[in-house]
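Lettering of chains follows the sequences in order, A, B, ..., and the numbering in each one begins at 1.
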Amino acid sequence: MAQDIEFSIKFIDPHLKSDDVATEVHYLIEDLRDLDDMSQVRFEPILEIRDVAEIRAGVTFMAHSDLLGPILRRLRDRLYYSPIQTAFSFKLDGITLRIETHQADDLVGFMAAAQSGLLFFPERDYLAEAETYSRTQGELSPTELDNLNLLRQRLGLTAEEAEVLNARAASPYPTKAEKHRHFEDITAAEFSRLRAMGEGPPFAHKEIWPVLQELAENLGLPTLEAEAIYQTYQQRYDDDTRLKTELSTAKTAEDASLAAAAKAEIDRQKQAQQVQERLNQYRDLCRQAMANSIYPSEFDQGRLDQARRLWSIDVEQAMKLEAEVRDELYGSVESAAGVDYSRLRGLLHQQTWHEADMETEVVILKALNLDMQPVTAATVQRLSPIDIATIDGLWSRYSKGRFGFKAQQQVYRAQQQIQPDDRQRWSAFEQALGWRKAPSLFSRGYKPYHDLNFISEAPQGHLPTWRWCCPSLSDRYKIDPEVMAAIMQHLNDGMPLEAIAVPALDTALPTQLA
Amino acid sequence: MLASATPSDLEENLSELSLLLNEEDWEEADRLTADLLLDAVAHSQTAMRQQGATQRQHPYLTTEAVAALPCQLLQAIDDRWQRASGGHFGFSAQLQIYANLLETVDFDPDLNNWSTPHPFFEDVGWLMLFALRPVGFLRFYNWLEFDLDAPKGHLPALWYWKIPRIASLQMGGFLTGQGGCFGDLARLDAMMLRLSRCHQIGG
């Protein structure tokens, strides 16, 4: 059946300039190559000597006879838009058709001749149409049959021939009902196979569907109908399985209820275990995310969110976990007074000692809730031991024990052992902390607040300062000894030191001062 | 918490302050401001001692008294000054200047004398002009400028000027309050510290 036609198209308009001819040829080739199945065709230029130079005057190529129709249509369209005198020749089995024209209508006449069967294979055309129809609906509708009938007459096929072709187009199952039945049989077979395999895992019938869908396509059965059939069977299968399990449970009702309870208990335990595992995993993830920074980076936060969703942990619990991990890694921010210590923690983590000292004042004054008035000997008693422990914990954690209330208590205790006299002891205490210079004849040794050392190398217990009991700071950082005594007393009450610490401090310095 | 004994009196006084400020009677407003602050101190002291009404035992603000001034009162007064002067006068204007200096200058309080006063005093125009150059003594109170041409933060000032005679003498004055003597850095700092602590309440 495969027959090739040799086409040759040549522009013979004498008014056309050589350049224009070359351009036209170029576009002609482009146009033809655009057609379906033409991309593989080789186009040979027809060369011609005109005005001394050799130019491309046309093109010749071989194409399958099926393509005749589209090619003719394309050529006709071109002539409509630019009626150039052109010589067309079509060679098939030794027959050559030559047309020289610039009128599109002439080609139309030729097309009519071609369509009438002169150059076509009517059976193939008919079969293609019939197949298309039967695929779309599953079977041939009256309108489609009528259309085919008209086509048959135009192609000059006999009714018997058309019948045979129709049957062929409809493949092994000509009517929709037959296709339907066949598909149903196959589906039933698939499900019985599933039953035979016993307790099917829940996703089993999902695996059947893609294959069945393919079958429906091959049969020419519309997907929606096929799916409806499939779903009926699936439903039936599910019902059966449920019934079966119900029956089996009913059979051994007593045992079953006990077993079920036990199973439920195990399940619950398993589930609880799983939840716990997930929480632990999430906690580990939090630890990783916060290993380098108090608050996870955007990337880590994204990972945490993802994990939270994957393990279906609710937001509140996740936040609680994150807070726990943060406290574990960076120190507790517990407060009895409802004060937020996280800023203080952040500042200490960054070792910005000065800012942290100022923040310490803010949190203490806020915890006391006395209109931000400086702490006095009376009001210091209201500071909760929990808050004191939190502040001290954060300071000592980030200074490795150098700073914080405990460090100050230790310094004080060392002074206590050396200085029996109360007034001298406070002065020595302040000097040991580096808060005050030794008093001299001309000066009492007080420094302004900004002259204190906000560096990691500051003396033991230098920070946090007790600025929160000072009415003014820039003039001099000076604390009333009475207030100092009350604070130290309160610290010792709330946070007693161990029985006896090693007198680790440099004892030489205070004795000299005294 | 603030001036609990006579809240109506306080409101009356505050509305009077608004009135004075709106009339741009800066001098009277300054006087009333100092009175309001002193009243508040007297209140808290009487409340503390559980005594009868001996008002204005201390007709000046000590550093300790300043440190305990009610935040609400300070903010209420400051709010009225700022509104009337477009932010030119008021405690906030003074705090802004002072806080800036605190960050940029580590002033040595031992140097606070007639030749090297704290830069704040010069910035708010409280220093006496000597041959057109400021020297380290504060102006006498009635030499201050009571109009909007004054430097930013110039007023309120009387709360600072009112000091006991003995203190005035000690600081080189002539029983004229802060006028004519060195500025008392501790009291100034106490007020500024108080203001910045009060600012922390909101945040």
Side-chain angles (χ1 to χ4, degrees), chain A residues 337-344 347 352 354-355 357-379 436-437 439-440 442-454 465-480 482-483, chain B residues 1-4 40-41 43-44 47-48 61-75 95 98-112 117-121 160 171 182-203:
Chain A
V339 176
D340 183 5
Y341 289 107
S342 49
R343 186 177 129 81
L344 176 62
L347 291 169
T352 44
H354 192 185
E355 279 76 11
D357 192 50
M358 294 196 280
E359 178 68 12
T360 304
E361 172 185 290
V362 172
V363 291
I364 288 179
L365 294 187
K366 274 188 180 168
L368 283 176
N369 195 20
L370 286 173
D371 200 28
M372 303 302 275
Q373 290 182 17
V375 176
T376 63
T379 57
R436 186 180 175 178
K437 284 176 280 193
S440 68
F442 308 102
S443 141
R444 299 179 61 195
Y446 293 115
K447 304 173 176 183
Y449 173 75
H450 52 75
D451 277 2
L452 295 175
N453 286 322
F454 299 102
T465 65
W466 294 0
R467 56 172 288 167
W468 27 272
C469 55
C470 298
S472 77
L473 293 169
S474 301
D475 181 45
R476 54 200 172 162
Y477 172 61
K478 178 193 167 203
I479 307 160
D480 187 341
E482 196 190 323
V483 178
Chain B
M1 183 176 290
L2 95 95
S4 49
V41 173
H43 266 303
S44 67
M48 240 182 242
L61 293 167
T62 59
T63 43
E64 285 73 20
V66 167
L69 281 171
C71 287
Q72 229 181 329
L73 177 68
L74 285 172
Q75 271 153 8
L95 177 61
Y98 190 80
N100 269 338
L101 290 171
L102 215 55
E103 269 173 33
T104 50
V105 186
D106 278 351
F107 184 75
D108 182 355
D110 291 343
L111 291 179
N112 186 32
H118 192 280
F120 176 83
F121 296 122
Y160 190 64
M171 284 186 281
F182 314 135
D184 178 355
L185 193 55
R187 255 168 16 99
L188 175 69
D189 187 61
M191 180 59 108
M192 296 305 142
L193 187 62
R194 182 68 189 139
L195 292 169
S196 56
R197 277 172 180 163
C198 286
H199 274 297
Q200 297 287 350
I201 290 182

Taking atom [atom1] of [X] and atom [atom2] of [Y], what is their separation to the nearest 0.5 Å?
X	Y	atom1	atom2	result
Met372(A)	His199(B)	CE	NE2	11.5 Å
Asp108(B)	His450(A)	CG	NE2	7.5 Å
Ser196(B)	Glu361(A)	OG	CD	7.0 Å
Met192(B)	Ser474(A)	CE	OG	10.5 Å

Where [X] and [Y] come nearest, the two heavy atoms and their spacing:
X	Y	value
Leu185(B)	Asp475(A)	CB-OD1, 4.0 Å
Leu193(B)	Arg467(A)	CD1-NH2, 3.6 Å
Pro448(A)	Pro109(B)	CG-CD, 3.5 Å

Kindly write out the residues that satisfy side chain to side chain contact (heavy atoms under 4.5 Å, CB included) with Ala67(B), not counting sequence neighbours, or none if the list is empty.
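Ala67(B) satisfies side chain to side chain contact (heavy atoms under 4.5 Å, CB included) with Pro374(A), Pro471(A) only.
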Side chains of Gln200(B) and Leu365(A) in contact at under 4.5 Å (non-hydrogen atoms):
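Sidechains of Leu365(A) and Gln200(B): no contact.
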Whether Arg194(B) and Asp371(A) form a salt bridge (side-chain N of Lys/Arg under 4.0 Å from carboxylate O of Asp/Glu) is what I want to check.
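Result for this pair is yes, salt bridge flagged.
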Measure Leu102(B) against the heavy atoms of chain A and call it side chain, backbone, both or neither at under 4.5 Å.
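Interface part for Leu102(B): side chain.
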